[in-house]
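Here the structure comes first, spelled out in structure tokens, and everything after it is commentary.
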Amino acid sequence: MKKIKAVVYGVGTMNSIITRMLLDKGVEIIGAISRSSAKAGKDLGELTGLGRHLGVAVSNNPSEVLSLNADIAVIAVNSYMSDAQEQLRLCAEHGINAVTLSEEALYPWDTSPEITKELDAIAKRTGVTLTGTGHQDSYWLNMVSMLMGTTHRIDNVLGQASWNVDDYGPELAREQQVGTTIDQFNTWLESASRPPTFGRNVLDALVADTGLTPVSITTTSRPVLATEPLPVAALGITVPVGDVLGFTDIDEIKTSEGPSFVFEMTGCVYRHGQADMNHWKIVGEPDVELSNGAVPTATTTCTQIVNRIPDVINAQPGFVTVEKLPQLRYRAFSLETYLSS
Ligand SMILES: NC(=O)c1ccc[n+]([C@@H]2O[C@H](COP(=O)([O-])OP(=O)(O)OC[C@H]3O[C@@H](n4cnc5c(N)ncnc54)[C@H](OP(=O)(O)O)[C@@H]3O)[C@@H](O)[C@H]2O)c1
């Protein structure tokens, strides 16, 4: 069986880790795309810190790289469908499956319906699959979905998670408003252009998976402020006391059948001693809980996008969200082993 051929789309913090994992799992990387001219022409192995050349020159010409006949593009570029549509459309138009870390792509049907329907139509026409995955896939969606499946009746689903913004690159730090003043944060929060919260897409997916009917969706957000000057490696700045380190969103979906779903998610630059957490509680018959201790969120983001690759290639064409894919599995062997044809 031939190895899976992949294009690495975005050469930042996440795809640097993912590049090594792809190679470990027998994937042949045939191209890499970045934006800046500073990275163009450099070897992917050098840029991702592998310590060896891969013979793959990074390009800032996506169409050229996507014409190379890859089986899949592995995208780690941005978070929201308004931005991500560009990379997803290019992949679909070139007839290449794509799996992305863009958070909204986890379940974008309610927050960006027009864009998602259009991408779905292009992917169906060219016979490829587009999927959003990442840390949310199992920890915030499919594990919780499975936990719900162990109950007889659900009254409330309550999730709490946190992650350290400084485990990622500048893209996410800027999106989490790191380094802004409280006034700038409030202006952004109240602006009509504020993108959907990451938690909203998680709850949309969870509710859709139950078949329940959403009747109200609310979001409240509060900033996390620096109580001491805190250096932020992703941005090369130190956030002064009183400025923003990130924020907490609390999303809630109520359903007409009764159960409500609440997810409180904090993404901020951590002070010394803080650790990621993931805790879910289902109140009903019976009450059940899921807690993962100190979750290595950045690593589990990368492992899941890699382990999902065979599922995405095997899936039917279209925009296919992860709750419709098979259960996420450990991949003991080279990834092509798991292809159905
Ligand atoms: N779903 C999840 O669980 C999860 C977890 C972690 C991160 N994420 C998301 O994944 C994204 C990437 O994270 P990261 O930490 O790797 O970010 P990062 O270090 O800032 O890297 C982003 C990369 O994307 C490239 N890029 C930006 N716009 C581009 C374009 N139009 N075409 C091609 N390349 C482009 C940048 O290129 P240049 O350097 O050349 O400018 C950079 O290499 C973020 O939006 C983050 O929110 C999701």
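For ligands, and for the atoms within them, numbers begin at 1 and follow the listed sequence. Numbering of residues begins at 1 and proceeds along the displayed sequence.
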Ring of Y338, cation from R331 - is the NZ or CZ under 6.0 Å from the centre and inside 45° of the axis?
yes
Write out the residue and atom name of the closest protein heavy atom to [atom], then the distance separating them to 0.1 Å.
atom                    : value
atom 5 (C) of ligand 1  : T301 CG2, 3.2 Å
atom 13 (O) of ligand 1 : M14 CG, 3.8 Å
atom 36 (C) of ligand 1 : R35 NH2, 3.9 Å
atom 26 (N) of ligand 1 : V77 CG1, 3.7 Å
atom 2 (C) of ligand 1  : Q136 OE1, 3.3 Å

Within a distance under 4.0 Å of any heavy atom of [X], pick out the atoms of ligand 1 and give their elements.
X    : value
E175 : 45 (O), 47 (O)
H135 : 2 (C), 3 (O)
Q87  : 30 (C), 31 (N)
K39  : 38 (P), 39 (O), 40 (O), 43 (O)
V11  : 43 (O)
G134 : 1 (N), 2 (C), 3 (O)
S79  : 44 (C), 45 (O), 46 (C), 47 (O)

Which atoms form the tightest heavy-atom contact between Y270 and L230, and what is the distance?
O-CD2, 3.5 Å
Which atom of L225 lies closest to which atom of I182, heavy atoms considered
CD2-CD1, 4.1 Å
Distance only, no hydrogens: is a donor on one side chain within 3.5 Å (strictly under) of an acceptor on the other, for [X] and [Y]?
X    : Y    : value
Q304 : S138 : yes
E175 : N78  : no
N97  : D71  : no
E257 : T213 : yes
T219 : D249 : no
E104 : T111 : yes
T48  : S16  : no

Does some non-hydrogen atom of [X] fall short of 4.0 Å from ligand 1?
X    : value
Y9   : yes
T297 : no
Q304 : no

Give the contacting part of T133 toward ligand 1: side chain, backbone, both or neither, where contact means a heavy-atom distance below 4.0 Å.
backbone
[X], any N or O under 3.5 Å of ligand 1 N or O:
X    : answer
N15  : no
G10  : no
S34  : yes
G12  : yes
F198 : no
S36  : yes

What about Y139 and I18, same hydrophobic cluster or not, with Ile/Leu/Val/Met/Phe/Trp/Tyr joined at side-chain heavy-atom distances under 4.5 Å?
yes
Do L88 and V312 belong together in a cluster built from hydrophobic side chains that touch within less than 4.5 Å?
no
Nearest neighbour of [atom] from the list [options], on a heavy-atom basis:
atom                    : options          : answer
atom 18 (P) of ligand 1 : G132, G169, A76  : G169
atom 10 (O) of ligand 1 : L47, D83, L101   : L101
atom 20 (O) of ligand 1 : Q176, E171, E103 : E171

Should we count CG of D155 as having more than 12 external heavy atoms under 6.0 Å?
yes
Got more than 12 heavy atoms from elsewhere within 6.0 Å of NZ, K254?
no
Tell me which one of T218, N201, T197 satisfies side-chain hydrogen bond (donor to acceptor under 3.5 Å, both in side chains) with D251.
T197
